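Comments concern the structure below.
Just so it is clear, the model here is predicted, and its values are computed rather than measured.
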Amino acid sequence: MNILSPTPEQFMISNAPFYLPTHNEEDIFQTAWKKKVPILLKGPTGCGKTRFVSAMAHKLGLPLITVSCHEDLAASDLIGRYLLQGDETIWSDGPMTAAVRMGGILYLDEVVEARKDTIVAIHPLTDHRRSLSIDKLAQVLDAPDSFMLVVSYNPGYQSILKELKPSTKQRFVALEFDYPSEELEISILEKESSIDAKQARLLVKLANKIRNLVSQGLEEGVSTRLLVHTSNLIVGGIPAVQACHSALTLSLTDDRNMQRTISELISDYFV
């Protein structure tokens with residue numbers, strides 16, 4: 001039997017991702033990594049959680065394996081399985097096993113979407129054991145000192161059926177993310193899209209107005225990621241109103257009344 005396992009080099013981030021810290025999240029992350037403490041990231045869609053993890057992996061010089069969790073994600077998808085190649089049976093490591101073997105960062109994005117058996121499978125990696133049992137190989141892998149488990153979820157989409165149990169939450173230290181401050185978000189748009197400062201400021205002010213609509217029925221506010229997309233359209237030559245309509249109005253809602261409300265806000269800032 002052979003074992004297929006990726007090499008750390010396959011998951012190293014070559015270029016430093018652009019990330020502007022908002023508080024002391026970098027210090028907390030580095031300290032948690034040194035002390036072998038897993039991290040839980042909470043925050044709305046597109047506020048920088050994934051970018052933050054990528055930036056920290058690069059800063060610490062660690063390989064990063066990211067898994068986008070979904071309702072069909074089983075524990076075996078994370079741990080690994082046997083594959084047939086010709087006449088040979090080969091064990092293929094899943095992302096969790098690979099991350100433990102190489103001593104990297106395992107990032108489970110939107111972990112609440114995964115099946116309950118999947119969440120239970122990560123428990124031994126989050127306490128004093130820091131180990132992973134691979135029943136099919138009759139092996140127990142001890143995580144090296146450099147290994148770190150990071151999970152994230154969006155509290156805005158939580159439901160009774162999709163919520164982390166307290167017994168799981170209390171295995172992590174948590175960092176809460178939100179939309180950046182106005183000045184910081186302007187800087188992000190300028191850096192990410194090369195949009196001029198005046199238009200960046202208008203977009204951020206518009207975004208904050210739209211975010212206020214969440215209390216009036218909008219499912220979720222404008223993410224920083226969506227603002228970057230809007231900025232890139234504008235820099236690419238699309239008129240600002242059209243760019244905002246495509247990247248903001250139509251992306252945020254299918255409700256006609258809410259679309260009209262957002263369009264009216266856009267017209268207040270762009271002609």
Side-chain angles (χ1 to χ4, degrees), residues 13-23 25-26 41-59 64 66 68 107 109-110 152 154-157 175-271:
I13 300 173
S14 57
N15 297 317
F18 174 70
Y19 179 79
L20 290 178
T22 57
H23 298 290
E25 64 267 29
E26 291 186 332
L41 308 180
K42 302 192 293 184
T45 300
C47 68
K49 300 187 296 295
T50 300
R51 179 67 66 91
F52 169 67
V53 178
S54 297
M56 293 308 300
H58 184 274
K59 189 170 186 176
L64 171 64
T66 299
S68 297
Y107 176 43
D109 189 19
E110 295 296 342
S152 72
N154 179 354
Y157 285 143
L175 288 172
E176 189 164 26
F177 284 70
D178 205 342
Y179 305 119
S181 66
E182 186 171 301
E183 292 304 319
L184 194 60
E185 199 160 37
I186 291 169
S187 297
I188 292 171
L189 296 189
E190 291 180 284
K191 173 66 177 180
E192 291 284 279
S193 67
S194 300
I195 195 171
D196 66 75
K198 180 180 178 180
Q199 287 186 308
R201 186 171 298 277
L202 290 175
L203 279 175
V204 171
K205 288 185 177 297
L206 170 61
N208 286 329
K209 286 288 186 180
I210 296 174
R211 287 163 184 163
N212 291 334
L213 296 175
V214 171
S215 61
Q216 300 177 38
L218 185 64
E219 188 171 14
E220 193 166 37
V222 181
S223 68
T224 303
R225 180 193 299 133
L226 209 49
L227 282 184
V228 172
H229 292 339
T230 311
S231 299
N232 279 320
L233 289 180
I234 294 172
V235 171
I238 304 299
V241 172
Q242 293 179 24
C244 290
H245 180 68
S246 292
L248 300 180
T249 308
L250 297 181
S251 295
L252 288 171
T253 181
D254 294 323
D255 182 87
R256 295 294 186 185
N257 291 329
M258 186 60 71
Q259 287 180 353
R260 280 193 291 270
T261 300
I262 295 174
S263 294
E264 289 172 0
L265 290 176
I266 294 171
S267 65
D268 290 339
Y269 291 92
F270 298 98
V271 179

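Between Lys49 and Gly43, the closest heavy-atom pair is NZ-O, 3.0 Å. A pairwise comparison of heavy atoms in Leu20 and Leu184 identifies CD1-CD1, 3.5 Å as the closest pair. Looking at every heavy atom in both residues, Cys244 comes nearest to Ile266 through CB-CD1, 3.6 Å. Between Cys47 and Asp178, the shortest heavy-atom contact is CB-O, 3.8 Å. The minimum heavy-atom distance linking Leu233 with Ala247 is given by the pair CD1-CB, 4.1 Å. The minimum heavy-atom distance between Ile195 and Leu189, with the atom names listed, is CG2-O, 3.7 Å.
The CD atom of Glu264 sits 10.5 Å away from atom OG1 of Thr249, with the distance rounded to the nearest 0.5 Å. One distance of note links CG of Leu213 with CG of Leu252; it measures 9.5 Å at 0.5 Å rounding. To the nearest 0.5 Å, atom CZ of residue Phe18 and atom CD1 of residue Ile188 are 6.0 Å apart. With rounding to the nearest 0.5 angstrom, the CG atom of Leu203 is 9.5 Å from the CD1 atom of Ile186. Here Ser263 contributes atom OG and Leu250 contributes atom CG; the two are 8.0 Å apart, rounded to the nearest 0.5 Å. Atom CD1 in Ile210 sits 5.0 Å away from atom CD1 in Ile262 (nearest 0.5 Å).
Sequence neighbours left out, the pairs with a member in residues 251-260 that pass side-chain hydrogen bond (donor to acceptor under 3.5 Å, both in side chains) are Arg256-Gln259, Asn257-Arg260. Residue pairs that meet the side-chain hydrogen bond (donor to acceptor under 3.5 Å, both in side chains) test with at least one member in residues 224-240, sequence neighbours left out, are Glu185-Thr224.
Residues meeting the side chain to side chain donor-acceptor pair (under 3.5 Å) test with Thr50, sequence neighbours left out: Tyr107. Looking at residues two or more places apart in sequence or on another chain, you find a salt bridge (Lys or Arg N to Asp or Glu O under 4.0 Å) between Glu192 and Arg51. Annotation: ring-ring contact (aromatic ring centres under 6.0 Å, His included) contacts of Tyr269 (sequence neighbours excluded): none. With sequence neighbours excluded, the residues forming a side chain to side chain contact (heavy atoms under 4.5 Å, CB included) with Asp268 are Leu265, listed by chain and number. Ser223 is linked by a side chain to side chain donor-acceptor pair (under 3.5 Å) to nothing, counting only residues two or more places apart in sequence or in another chain. Scored by the ring-ring contact (aromatic ring centres under 6.0 Å, His included) test, Tyr19 finds Phe52 as partners (sequence neighbours excluded). With sequence neighbours excluded, no residue satisfies salt bridge (Lys or Arg N to Asp or Glu O under 4.0 Å) with Glu176. With sequence neighbours excluded, no residue satisfies salt bridge (Lys or Arg N to Asp or Glu O under 4.0 Å) with Lys191. Annotation: side chain to side chain donor-acceptor pair (under 3.5 Å) contacts of Thr66 (sequence neighbours excluded): none. Partners of Glu182 by side chain to side chain donor-acceptor pair (under 3.5 Å), not counting sequence neighbours, listed by chain and number: Lys205.
Side-chain atoms of Met56 and Glu25, non-hydrogen and from C-beta on, never get closer than 4.5 Å to each other. A heavy-atom distance below 4.5 Å is not found between the side chains of Ser267 and Val241.
With hydrogens and angles left out, the side-chain atoms of Ser152 and Asp109 include a donor and acceptor closer than 3.5 Å.
Taking 4.0 Å as the cut-off between side-chain N and carboxylate O, Arg211 and Glu220 do not count as a salt-bridged pair.
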Test log, rule side-chain contact (heavy atoms from CB on, under 4.5 Å), inputs Leu248 and Leu206
CA-CA 10 Å; Leu248 300 180; Leu206 170 61; 3.9 Å; yes
